[in-house]
Every structure is written in structure tokens, then in C-alpha cells.
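Worth knowing before you read on, the calculation uses all heavy atoms, side chains too, and leaves out hydrogens, waters and symmetry mates. Both counts, for ligands and for their atoms, begin at 1 and track the order of listing. Throughout, numbering of the chain's residues begins at 1 and tracks the sequence. Worth saying up front: this structure is predicted, and the values here are computed from it rather than measured.
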Amino acid sequence: MNMKICVIGLGYIGLPTAALFAKAGFEVLGVDVNRKAVDLVNKGEVHLEEVGLPEVVKEVVETGKLSASSMPEEADVFIIAVPTPIHDDHTANLDYIIEATESIVPYLRKGNVVIVESTIPPRTIDDIVAPIFQRLGWDVNEDLYLAHCPERVLPGRILIELIENTRIVGGYTPEAAYYAAEVYRKIVTGEVIETQAITAEMSKLMENTYRDVNIALSNELTKISDKLGVNTLDVIKLANRHPRVNLHLPGPGVGGHCLAVDPYFIVEKAPFESPLITNARKINNSMPNFVVNHVKKIVTNGAKIAVFGLTYKGNIDDVRESPAMEIVQLLTEEGYHVGAYDPHVEQEQVTFPLSTYKEAITNAECILVLTDHSEFKELDEKSIELNMKTPVVFDTKNCVKVNSGSIVYYNYNNVFEMEGLKREVVPK
Ligand code: SAJ
């Protein structure tokens with residue numbers, strides 16, 4: 001219980017990880033280059049939205065188990081949880097990983113466990129991280145236990161999934177896998193599986209790639225169904241009644257810093273061997289255009305569109321890689337006036353003005369729903385009928401329940417109706 005843990009990076013993964021180890025009784029130092037994040041944590045506050053996190057951070061800072069700093073300190077375990085963004089050419093930007101690795105070297109002691117949690121391209125531990133330690137005088141086979149333990153938690157459920165999910169711990173050596181796994185076994189109730197670093201890197205990337213390719217299949221089905229007059233969502237629901245089929249849901253595109261990024265890490269390392277993954281990315285990236293082309297079928301340019309939802313998915317505050325950003329830009333370029341409304345987003349997160357609900361719908365000719373926030377499930381229909389110029393809803397997430405017969409409702413079940421193609425409804 002006297003193990004000290006130093007977590008580098010106090011973001012969506014690092015801060016909850018630090019807080020949970022602290023809650024389990026370990027002494028934890030969180031390190032971040034962002035002064036604001038450090039100051040807030042030291043006050044027992046948080047700089048990001050995640051269910052349950054403010055309460056845990058407050059508690060562990062008060063008990064003195066968690067503190068934050070801009071500099072690492074000597075510890076038994078170092079956990080690196082910094083971002084791995086992509087360059088414009090879709091190759092991984094490993095600058096933060098390299099900086100974080102170099103930053104801990106002066107504080108290392110023989111026998112330390114060093115774990116990289118950040119998502120990294122295959123071979124990064126072997127080809128990039130281990131050589132940094134070697135170059136700086138550390139024998140990674142003898143003196144340190146170096147491992148990759150990818151985070152696999154879903155935003156909105158991070159505190160639960162950090163504890164309950166199975167963890168994959170890939171060691172640079174078998175001993176490193178063992179000692180790193182022992183660290184997680186202190187707080188994880190799920191299984192902790194030991195493997196090689198390269199296998200852990202690849203399995204993490206394949207989890208998100210599987211999801212991205214699956215969503216691409218449903219997005220492609222949406223386009224096919226639009227052409228053929230088929231109800232996409234009904235097809236998915238019915239196909240999924242087969243015990244071995246699990247089609248994901250189509251939408252306005254795939255966002256976030258994981259699904260929209262990770263597949264490129266594989267493509268970068270094996271471009272000729274990965275045409276399916278490459279095409280899936282292209283299909284998902286084409287959805288903002290698909291959405292805007294359909295808006296053009298129902299509303300002429302110059303009109304006002306109320307865009308509902310800017311985050312990359314529902315009930316979170318994260319706009320990274322969100323398809324809504326591109327859709328707002330495309331609509332504006334097409335000459336539409338956009339009233340953008342998102343109850344989870346602050347003005348400084350976006351480059352265009354945000355509207356309130358009322359401002360967004362007033363005089364709008366279409367509500368375009370891009371995110372399935374709970375707030376959008378039931379819309380105030382009276383106010384839609386009163387304030388909109390024409391009460392039309394285009395719901396790309398199939399999340400709105402429309403009751404009033406005077407509101408025209410489109411989702412991916414009936415986008416083909418935008419071209420006047422009607423189908424007889426067969427009674428169930
Ligand atoms: N989406 C669809 N259709 C679906 C499901 C999702 O269009 O059926 C879209 C969402 O709207 C969103 C994007 O995909 O734009 C990604 O959302 P997500 O909920 O699939 O995943 P993330 O990015 O929030 O988190 C994923 C998770 N990975 C998997 O479920 C395999 C999470 O467990 C990972 O830890 C996380 O990536 C990560 O950090 O890698």
C-alpha cells in the first residue's frame with residue numbers, strides 16, 4: 001500500500017486513473033503541462049466533464065492521496081497517459097509520448113514500472129519508447145519494467161470501466177508484463193491479461209477499428225438504402241435479430257479521438273495491406289457531405305437551419321473530430337444560416353456563435369439533429385410549431401420522438417422520401 005504512482009497527463013484517462021489509484025489508498029502525483037489543470041486538481045476540482053469524477057477528485061485531494069504538479073517526482077510506478085494526435089497526413093504524432101518518456105528519466109530508479117496507456121501505433125514500445133530509455137542509459141531488459149496497457153474505457157462510463165473492464169498488459173519483457181499487470185490488479189476487478197507489447201498495441205487499435213469498419217458498413221447501407229428506397233434502421237434491427245450479427249448504427253459521421261484516429265495508426269504501418277480499413281475511414285468521413293446533400297433536398301439555401309448537437313456523441317462535452325463541426329462549416333459554405341445549439345458545449349470550444357434552444361429554432365426551416373443528447377429525446381413541440389418557419393426535423397441519430405403530426409420527421413429510415421419516393425407501410 002506504500003506504492004507511489006506518478007501519472008503523466010491529467011486528461012480524460014490520466015485524471016480518472018490517478019483518482020482511482022488514490023481512492024484505493026496509493027500516493028499519487030498527477031503531472032501535466034497545463035497549469036490550469038494542475039491548479040484545479042490541487043484545489044480538488046476538475047477541468048473536464050466526466051460522470052462521478054468531480055466527487056472522487058475532491059475526496060482524494062482532501063485525504064491527501066492525490067496531488068498535482070508540473071514536474072514528475074521519484075515513484076515506484078509511472079503511468080503515461082498523454083494524447084497521441086494525428087498529423088494532417090494521418091500519421092501519428094508521437095511528440096507528447098516522447099516528451100513524457102524523456103521527462104521521467106531523471107526520476108527513474110532501478111526496478112521502476114513504466115506503463116504507457118496512450119494509444120500508440122504498433123511497434124511504438126519496441127521502436128520508439130524502449131530506445132529512448134536505452135539511449136539515456138537504462139537497460140530496459142534488466143533495470144526497468146516497461147509495458148503498454150491501453151486504456152479501453154468509454155467516455156461517460158470511465159470510472160466504472162476503469163475498474164470493471166478486462167485490461168490487456170503488453171510487456172517489453174514477460175517480467176515487465178507481470179509487474180505492470182500486478183499494478184492494475186490492485187484496482188481492477190475485471191481480468192488483467194499479460195501479453196507482449198506489440199500484441200497489446202495491435203489489439204487496442206483493432207477494437208476501435210472493428211467499430212469504425214462496422215459503422216462504415218451501416219453508413220454504406222444508409223446510402224444504398226437511400227438509393228433503393230429501403231428503411232435502413234429497420235434493416236439493421238432485423239438483421240441484428242440473427243444471433244451472430246451486430247451491425248452498428250449509421251450517423252452523421254464518426255468522431256472522437258479514438259475511432260476517427262486509431263485506424264490510421266494501422267494504415268500508417270501497413271498501407272498496402274489495409275484497404276478495408278482505409279475505405280471504412282473514407283466512408284465515415286463522407287457522411288457529413290451525405291447529410292448536407294440531404295438538407296439541400298428539403299431546404300433551399302439562404303434558409304436557416306437549427307443544428308442540434310455539436311459533440312461527437314451524446315451526453316458528453318467533447319467536440320474533438322466531431323462530424324458536426326464539418327457539417328456546420330459545409331452548411332455555412334452552402335449559404336445556409338446556422339443556429340447551433342448544444343447544451344453541453346461552451347462558446348470557447350467552437351469557432352462559430354452558439355445559440356440557445358429558442359434562438360436556434362426561431363425562423364429555422366429545419367432542425368438537424370447530429371448528436372443523441374438525452375435533452376433531444378423530447379423536444380418542445382409547441383415551441384417548434386410556434387417559432388420555426390417550417391417544422392421539419394432531420395434526425396441523423398434517430399433519437400428524437402416526434403408526436404405532433406404537423407412536424408415533418410426524417411431519419412435514416414426515410415431519407416429517400418426527401419426525393420418524394422413514398423413507400424406503402426405494411427401493417428406489422
Ligand atoms: N458511432 C456511430 N454508430 C455507432 C456507434 C458509434 O456512428 O453505432 C459514432 C459515435 O457517434 C461517435 C463515434 O462513433 O461519433 C465514436 O463513439 P464510440 O461511442 O464508439 O466510442 P468512443 O470514441 O467514445 O470510445 C471508444 C471506445 N471503443 C470501443 O468501444 C471499442 C472506448 O472503449 C475506447 O476506450 C475509446 O474509443 C478509446 O479511447 O480508444
Side chains of Glu117 and Ile13: does their closest heavy-atom pair fall under 4.5 Å? yes
Heavy-atom nearest neighbour in the protein, as seen from atom 28 (N) of ligand 1, with distance rounded to 0.1 Å: Asn208 OD1, 2.7 Å
So the atoms of ligand 1 within less than 4.0 Å of a heavy atom of Pro155 turn out to be 24 (O), 25 (O)
Are Leu144 and Phe133 packed together at the side-chain level, in the sense that at least one heavy-atom pair is separated by less than 4.5 angstrom? yes
Can you name the nearest heavy-atom pair linking His373 to Lys313, along with the distance? CE1-O, 4.0 Å
In ligand 1, the atoms that come under 4.0 Å of a heavy atom of Tyr312 are 10 (C), 11 (O), 12 (C), 15 (O), 16 (C), 17 (O), 22 (P), 23 (O), 24 (O)
Record the part of Ile215 in heavy-atom contact with ligand 1 below 4.0 Å; permitted values are side chain, backbone, both and neither. side chain
Provide, to 0.1 Å, the distance between atom 30 (O) of ligand 1 and the closest protein heavy atom, together with that atom's residue and name. Arg211 CD, 3.4 Å
With a 4.5 Å cut-off on side-chain heavy atoms, are Cys258 and Asn208 touching? yes
Check the orientation of Tyr12 and His257. Use parallel for under 30°, tilted for 30 to 60°, and perpendicular for over 60°. parallel
Of all the atoms in ligand 1, which lie at a distance below 4.0 Å from a heavy atom belonging to Lys204? 34 (C), 35 (O), 38 (C), 39 (O), 40 (O)
Would you mind listing which atoms of ligand 1 come within a distance below 4.0 Å of any non-hydrogen atom of His248? 8 (O)
Can you tell me if Asn315 and Ser374 form a side-chain donor-acceptor pair at under 3.5 Å? yes
Hey, does Leu249 come in under 3.5 Å of ligand 1, counting only N/O atoms on both sides? yes
Carefully, step by step, assess Asp234 and Asn413 under the rule side-chain hydrogen bond (donor to acceptor under 3.5 Å, both in side chains). CA-CA 7 Å; Asp234 288 353; Asn413 244 353; 3.1 Å; yes
Just to confirm my output: which protein heavy-atom neighbour is closest to atom 39 (O) of ligand 1, and how far is it? Glu151 OE2, 2.5 Å
Salt bridge (Lys or Arg N to Asp or Glu O under 4.0 Å) partners for Asp127, two or more places apart: Arg123
Could you establish whether Gly256 and ligand 1 come within less than 4.0 Å of each other, counting only heavy atoms on the residue side? no
Quick one: which ligand 1 atoms are inside 4.0 Å of a heavy atom on Lys397? 11 (O)
Compute the minimum heavy-atom distance from Leu154 to ligand 1 and say whether it is under 4.0 Å. yes
Using distance alone, decide if ligand 1 has a nitrogen or oxygen within less than 3.5 Å of any nitrogen or oxygen in Gly255. yes
Measure the acute angle between the ring planes of Tyr410 and Phe394, then classify it against the limits of 30° and 60° as parallel, tilted or perpendicular. perpendicular
What is the nearest protein non-hydrogen atom to atom 34 (C) of ligand 1, stated with its residue, atom name and distance? Val153 O, 3.4 Å
Which ligand 1 atoms are under 4.0 Å away from a heavy-atom of Glu207? 31 (C)
Protein residue, atom and distance nearest to atom 38 (C) of ligand 1, heavy-atom basis: Cys258 SG, 2.7 Å
Considering both backbone and side-chain atoms of His257, is one of its nitrogen or oxygen atoms within less than 3.5 Å of a nitrogen or oxygen in ligand 1? no
Quick one: ring-ring contact (aromatic ring centres under 6.0 Å, His included) pairs with a partner in residues 175-219, sequence neighbours left out? Tyr145-Tyr179, Tyr210-His248
Are the side chains of Glu201 and Ile125 in contact, using a 4.5 Å heavy-atom criterion? yes
Does Glu161 come within less than 4.0 Å of ligand 1, judged by its heavy atoms? no
Please write down residue, atom name and distance for the protein heavy atom closest to atom 33 (O) of ligand 1. Arg152 O, 2.8 Å
So do the side chains of Ser286 and Asn289 get within less than 4.5 Å of each other, counting heavy atoms only? no
Any idea which protein heavy atom is nearest atom 19 (O) of ligand 1, and the distance to it? Lys313 NZ, 2.9 Å
